[in-house]
Chemist: 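Before I ask anything, here is the structure I am working with.
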Amino acid sequence: MELPAKYSPAEVEDKWYAYWLKNKFFHSEPDEREPYTIVIPPPNVTGILHMGHVLNNTLNDVLVRKARMDGKNACWVPGTDHASIATESKVVAKLKAEGISKEDITREEFLKHAWEWKEKHGGIILSQLRKLGASCDWDRTKFTMDPDLSDAVINTFVYFYRKGYIYRGVRMVNWDPVGLTAVSDEEVIHRDTVSKFYHLRYFISDGKGNPTDKYIIIATTRPETIMADAAVCINPEDERYHWLKGKKILIPLINKEIPIIEDSYVEMGFGTGCLKVTPAHDVNDYEIGIRHNLPVLDIIDDHGRLNEKAQILVGEDRFEARKKIEGMLREAGNLEKVEDYTSPVGYSERTNAVIEPRLSMQWFLKMDALAKDALESVESGKVKLIPDKYRNTYRHWMENVRDWCISRQLWWGQRIPAYYLPDGRFVVEADAGAALKAAKELDPSVTAADLRQDEDVLDTWFSSWLWPISVFDTHKAGHPEAQPNRDLAYYYPTNDLVTGPDILFFWVARMIMAGNEFMHDVPFRNVYLTGIVRDKLGRKMSKTLGNSPDPLDLIAKYGADGVRLGMMLCTSAGNDILFDESQVEQGRNFCNKVWNAFRLMKGWSIDSAAKQPEAAAIAVRWFRNKLDMTVAAVEDHYSKFRISDAIMAIYKLFWDDFCAWYLELVKPAYGSGIDRATYEATEGFFDALLKMIHPFMPFITEELWQNISPRKEGETIMLQRSPAAGEYDIAAVNDFDMACEAVVAIRSLRQQKGLSPKEALTLMVKDGFPMDTIPAVQKLANISSVTKAESFGSVSGVSFMVRTVEMFVPLEGLVDTAEELAKLEAALDYQEKFLASVRKKLSNERFVANAPEQVVAVERKKESDSLSKIESLKAAIAALKA
RNA sequence: GGGAGCAUAGCUCAGUUGGUUCAGAGCGUCUGCCUUACAAGCAGAGGGUCGGGGGUUCGACUCCCUCUGCUCCCACCA
């Protein structure tokens, strides 16, 4: 077989992915084997693949492929999330571009557009995952708004409503004036923002609504809301303002009279000590308003514009109004001064609009009982967080959880199944028919046409928290008493969940709640929390910064295997990843290394008459041990989710041990064939190595595995068993390591002396070297003959130490005696100091008395080793001087 | 304001109950090589008072205190 010197991934990857699909290797059905289940964190249905997805899904794929090769019935369920706000805003934008405003069309028309959009863009990200090699069970692909999954959401709502957990109420919510919906507390991101601090003069009223010449100063960041002020508040302890008690104050510009109230909420040291209370537009002010029974005046509309209740600046955007009112206040003599000011401002996670605190009627889910159980699930270890530092964060959140605002003023999503009677009462039922029946019980005269369904839809997370259940069994969600179907019974709970810490509360915690509620069991055993993918400079990857490479471009350039490996090499749980293209290059290079090792091996012709050379026999014995040793280490890494350590161990095993040492040792002389025993052993090792690499680099390993020896249709490396760790002889590995050290020393010596690798040398060895490895040293260091010696006599040459053994390479005429002497004396000096420190330790009675025996033994070994080295060094120095 | 975490080689990070000749890895750097698998490569080399200070201990990268610097999460300071 003629193979090019460089591996080209493109055709190989498409070919094998198609082969895997055709043979349904990814598909899983319940059987008698142990299941291994992962559900995908569903990407937004209209999303496109970014580096975060690459990280997450590569990890998932590594885990699921490894499980499959461990003989488990592995099932990775893919799917997408309808992402109500994100998708709806995209559809709105698209319609806007076509000249259609959402307000001008009906809900049904809008949803038709939305579904069209979904059909058009919905599959993109899933097909991109195929490019990455993701071994999802595509037959099980789900969408959070599939009809049956939506039914599960509705049933869940009805269930919690009947349980008394869902209620409706007026609350101060986080209003997103761009998305035109309330968002939950978790969807608000607070960022320090530079703004202005306006110091305003509020004049005291003369009691008839006219200003006196006395005024107080109030500091605010939001002068455009003064028209909604309901009072001015001072701290009752604040003597500076006692004279104000009982007085009335006039709101600037509109001259509205409002009372002075006292509340200890106000901090005397902050601002001027006077607080304007605006119950409709500030959460704290709302609380104060309730305490003091103040009227609520809402002057800002859905879009963040001032409404007619503001009396002035009606129709102006809140930020425009702020600018304009500054001028008006200055003109009216109400503006004392303006300062620069930095304070935390809430932004919508989805639209980045400044959140407007706003009062509105919303639906809520009580969280306290659910959170208590979900906390217990993690505290007890039923769900393990990896890394476990997140337990603290998790606990803190669960202990301070607030009720979940689950309604959204959107159309894209599951519509809340509450039906209003004309008199304002409502019923909650799974469908309109049941609702009518229930409504008739309240009022027999009600007809279907009288009933009006709630306009709002449910928060997206209210569907994705059911994901580990609903992808298998859509009836079970909302019906804790029901028997799970066969799939759910078999696959639930899933094993591992890989996701980002940013959605630990949004999603992970809520899945645990839903799992506990409906399955009486947690939804997964391990939660692997990845970091955020950042660029080399530590900046978050974002479209606006343009610092995020397109994964598909990277795949096209380096191959999916290269991209995967590059990602896996630098991932450790819970740590952010500073991604750089050079890592992918490293991955690509590794592919090429594997490819070329294969080329080398396949290029050999077997000579049946050839006897196995000693060096090859040594190599085979050693590598078998080394392989077993590494398999054990890799298994240990997997068990602790140390994925980058696992691949690094495999990487070094392949590159350093297999290629640099093993292949060089067994490589036959140019022009000759290889003996059968060595060839077969090599092929066996190669097979094992491919299997170890496969979860990380599925494509190239399949390609090469298929070509090691002829395979039948339907055979695949994917379904082979991973190499199992066997017994290994650590002493043999250790002896070989010593041989390698000798080789390195001799090569280094060559470099120093400018000797070509082609020039054979001779070697003299003192007692203590593992002589059975000598043929390996000879082959790799090009040593023509080796003699054991008691002393090296007066031959001219260079001596060096390998651990405690002195070795000597005779080099007539190339030795600078003074230089050698200096080197040896430096080594002696170091060794003597080392010995002194060891002896100091050993002469410390408390050390000998308190330290464990083995630690003391190690020190004694150091002492004797050091003594023998000193002896050798002294002898070598003496010989040089002679 | 509350909570959590981090600081180890030029960069990114390991260091698993305080004890092996333990100060490591990968990348990068430097030197020499187009050696008949691979220059996307081979061979070799250099590089760190483990952030500063103090303490506990026979022994500290590891445990405790403190200082400095950074990050994240939560939170209503107008």
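In what follows, chains are A, B, ... by sequence order, proteins preceding strands, each numbered from 1. Scope of the values below: all heavy atoms of this structure, side chains included, with no hydrogens, waters or symmetry mates.
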Chemist: Look at Asn589(A) and G41(B) and indicate whether a side-chain polar atom (N or O) is within less than 4.0 Å of OP1 or OP2.
Modeler: yes
Chemist: Taking the P atom in each of G52(B) and G69(B), what is the distance between them to the nearest angstrom?
Modeler: 15 Å
Chemist: Does the Lys NZ or Arg CZ of Lys841(A) fall within the cation-pi geometry relative to Phe847(A) - under 6.0 Å from the ring centre and within 45° of the axis?
Modeler: yes
Chemist: Under a 4.5 Å cut-off applied to non-hydrogen side-chain atoms, are Val584(A) and Phe579(A) in contact?
Modeler: yes
Chemist: Within the structure shown, what part of the strands sits under 4.0 Å from Lys640(A) by heavy-atom distance: base, sugar-phosphate, or nothing?
Modeler: base
Chemist: Please give, in whole Å, the distance from C38(B) C1' to Trp595(A) CH2?
Modeler: 12 Å
Chemist: With respect to the phosphate group of G3(B), does any side-chain polar atom (N or O) of Tyr390(A) fall under 4.0 Å of OP1 or OP2?
Modeler: no
Chemist: Tell whether Asn844(A) reaches the base of C58(B) with its side chain through a donor-acceptor pair below 3.5 angstrom.
Modeler: no
Chemist: For Glu399(A), which residues count as a side chain to side chain donor-acceptor pair (under 3.5 Å) partner, sequence neighbours excluded?
Modeler: none
Chemist: Tell me if the aromatic rings of His199(A) and Phe197(A) count as close, with their centers under 6.0 Å from one another.
Modeler: yes
Chemist: Looking at A25(B), which nucleotide sits across from it as a Watson-Crick or G-U wobble partner, both distances under 3.5 angstrom, or is there none?
Modeler: U12(B)
Chemist: Taking atom types as they are modelled, is there a donor-acceptor pair under 3.5 Å from the base of A43(B) to the side chain of Glu664(A)?
Modeler: no
